[in-house]
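Beneath this line is the structure, given in structure tokens, with notes to follow.
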Amino acid sequence: MNYIEFPPGKNLRHIIDSYWFLYNTSACGESQVLPDCSMDIIFNFGNCFHPKSNSKSIVNNNDIIITGMMTNFKNHFMEKNSRLFGVRFKPLGLNRFLNFGFDSIKNDIIDLNSVISDYYHQKFRNIFLLEKYEDIMQFFERIFTDILNFRSNDIDPDVALTLQNIYNSENSSVNEIHKITNISQRYLEIKFKKEIGINMKEFISIDRFLKAKKEVFCSDKNLAEIAVNNGYYDSSHMIKDFIKYTGS
């Protein structure tokens, strides 16, 4: 399988994390997806794919789907000549474009046409007429920018502040974040789950795992040091998270 990523244009970098392409030109195979605190719009240019554990959730050629926030890893079965283009959104990125309870699609997928107008869905479908990376990404950005200019949604300031505090804290916890934000715990939890797609504890846990994972592969520190740096009690605690989120 071939996987490649590209950065978005500078005008969308506050919303979109990256564009990615995944090709499977060999025999039928599997692709593993890990939780990454993001949601994606995926365009299927090739043959079908589906979660290995659920063959009913088949994504066919020319389908466009939205993936919800994930809290566990998934293995996807991909047929030969599968070809995907994905737009990975930063937390609260999709909220500028869509307005619904994102917790309803946690660990799940929905068709894009169920949440946008037929007019824009048909516009997006024209992307399947293109072949080159650059053309596909530029086409998406033109339509997406057009939609944002027409109907950009306001971002919940309390949830945005909470995210900022999570990212700025070296070893964040739910209790610490509530103290910093000075907002009713129950009120904030409800808004956070609706807007982000998972609860605050789950988000903090996955974000901590991602930071630790990056250190494991990008530094020469030992596991115990990396674990403590990222708010784990010890390396055993960190390893349990690695097993939970990667299966290995």
Side-chain angles (χ1 to χ4, degrees), residues 1 3 5 17-18 20 22 24 28-42 44 48-59 63 65-79 82 84 86-95 98 100-112 115 159 162-163 166-167 171-174 177 189-217 223 226-227 230-248:
M1 291 192 187
Y3 177 83
E5 285 189 4
D17 179 74
S18 62
W20 56 267
L22 177 64
N24 180 34
C28 299
E30 291 183 21
S31 173
Q32 188 183 62
V33 183
L34 306 183
D36 60 3
C37 291
S38 68
M39 290 184 278
D40 295 49
I41 295 179
I42 299 176
N44 186 9
C48 73
F49 74 98
H50 59 80
K52 185 180 178 182
S53 59
N54 186 5
S55 60
K56 294 181 181 179
S57 299
I58 294 176
V59 181
D63 281 352
I65 63 167
I66 297 174
T67 65
M69 280 279 189
M70 294 172 52
T71 58
N72 48 56
F73 70 92
K74 285 187 178 181
N75 291 317
H76 288 85
F77 180 82
M78 304 189 69
E79 291 188 358
S82 297
L84 307 177
V87 183
R88 181 176 298 118
F89 285 83
K90 295 180 177 180
L92 288 181
L94 262 179
N95 305 58
L98 300 170
F100 68 96
F102 289 99
D103 54 318
S104 65
I105 58 171
K106 172 183 172 181
N107 292 319
D108 204 355
I109 62 174
I110 57 171
D111 292 327
L112 181 65
V115 289
V159 176
T162 301
L163 277 177
I166 290 173
Y167 289 141
N171 300 315
S172 57
S173 69
V174 174
I177 296 302
E189 287 282 8
I190 291 173
K191 292 212 295 183
F192 190 94
K193 186 176 180 180
K194 177 180 180 293
E195 299 295 328
I196 299 299
I198 56 179
N199 66 44
M200 201 183 307
K201 183 178 180 181
E202 290 172 323
F203 186 92
I204 290 173
S205 178
I206 296 170
D207 181 64
R208 178 176 59 184
F209 154 72
L210 293 172
K211 291 174 181 175
K213 176 171 160 285
K214 184 177 180 179
E215 269 201 79
V216 167
F217 291 106
L223 292 183
I226 292 174
N230 288 282
Y232 290 100
Y233 299 121
D234 52 35
S235 59
S236 296
H237 185 206
M238 181 177 71
I239 289 169
K240 287 181 180 178
D241 264 10
F242 268 72
I243 295 172
K244 176 182 178 181
Y245 294 126
T246 70
S248 63

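Computed from a predicted model, the values in this text were never measured in an experiment. For reference, positions follow the sequence shown, starting with 1.
- In this structure, L92 and K90 have side chains that are not in contact, with every pair of non-hydrogen atoms separated by 4.5 Å or more.
- Y232 meets the ring pair (Phe, Tyr, Trp, His ring centres under 6.0 Å) test with H237; sequence neighbours excluded.
- Across all non-hydrogen atoms, the minimal contact from C48 to E79 is SG-OE2, 3.1 Å.
- Using a 4.5 Å heavy-atom cutoff, the side chains of F102 and M69 are not in contact.
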Could you walk me through whether F89 and N95 pass side-chain contact (heavy atoms from CB on, under 4.5 Å), step by step? CA-CA 10 Å; F89 285 83; N95 305 58; over 6 Å; no
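- For K193, the salt bridge (charged side-chain N to carboxylate O under 4.0 Å, His left out) criterion is met by no residue, not counting sequence neighbours.
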side-chain contact (heavy atoms from CB on, under 4.5 Å), that's the test. Do D241 and R208 meet it? Break it down for me. CA-CA 9 Å; D241 264 10; R208 178 176 59 184; 3.9 Å; yes
Stepwise, does the side-chain contact (heavy atoms from CB on, under 4.5 Å) test hold for T246 with F209? CA-CA 10 Å; T246 70; F209 154 72; 3.6 Å; yes
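- Put simply, the side chain of D234 never gets that close to the backbone of A227: no donor and acceptor are under 3.5 Å apart.
- Side-chain contact check for F49 versus N24: every heavy-atom pair is 4.5 Å or farther apart.
- Here CG of N72 is found 4.5 Å from CG of N107. Values are rounded to the nearest 0.5 Å.
- Atom CD1 of residue I41 and atom CD1 of residue I109 lie 13.5 Å apart, to the nearest 0.5 angstrom.
- What you find for S31 and L22 is that their closest heavy atoms are OG-CD2, 3.8 Å.
- For the atom pair CD1 of I196 and CG of L94, the computed distance is 10.5 Å after rounding to the nearest 0.5 Å.
- In terms of heavy atoms, V115 sits closest to F100 at CG1-CE2, 4.0 Å.
- Between K106 and E202, some side-chain heavy-atom pair lies under the 4.5 Å cut-off.
- Note that the CG atom of L112 and the CG atom of D63 stand 10.5 Å from one another [nearest 0.5 Å].
- Between the side chain of S18 and the main chain of R88, no donor-acceptor pair closer than 3.5 Å is present.
- Checked by atom type and distance alone, the side chain of D36 pairs as donor or acceptor with a backbone atom of S38 at under 3.5 Å.
- Annotation: side chain of V159 is not in contact with side chain of K194 (no heavy-atom distance under 4.5 Å).
- A donor-acceptor pair is defined here as one N or O able to donate and one able to accept, closer than 3.5 Å; such a pair exists between the side chain of N44 and the backbone of V59.
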Between F242 and L223, is the side-chain contact (heavy atoms from CB on, under 4.5 Å) condition met? List the steps. CA-CA 12 Å; F242 268 72; L223 292 183; over 6 Å; no
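- Summarising the geometry, atom CD belonging to Q32 is positioned 5.0 Å from atom CG belonging to N75; distances are rounded to the nearest 0.5 Å.
- Nearest heavy atoms, I206 versus M70: CD1-O, 3.3 Å.
- By the 4.5 Å heavy-atom criterion applied to side chains, F203 and P91 are counted as neighbours.
- Distance alone, capped at 3.5 Å, places no donor-acceptor pair between the E189 side chain and the N199 backbone.
- At a threshold of 4.5 Å between non-hydrogen side-chain atoms, the residues I177 and I204 count as touching.
- Nearest heavy atoms, V33 versus H76: CG2-ND1, 3.5 Å.
- The NZ atom of K211 sits 10.5 Å away from atom CD of E215, with the distance rounded to the nearest 0.5 Å.
- A pairwise comparison of heavy atoms in D207 and C37 identifies N-SG, 3.8 Å as the closest pair.
- Residues T162 and K191 have side chains not in contact (no heavy-atom distance under 4.5 Å, counting atoms from C-beta outward).
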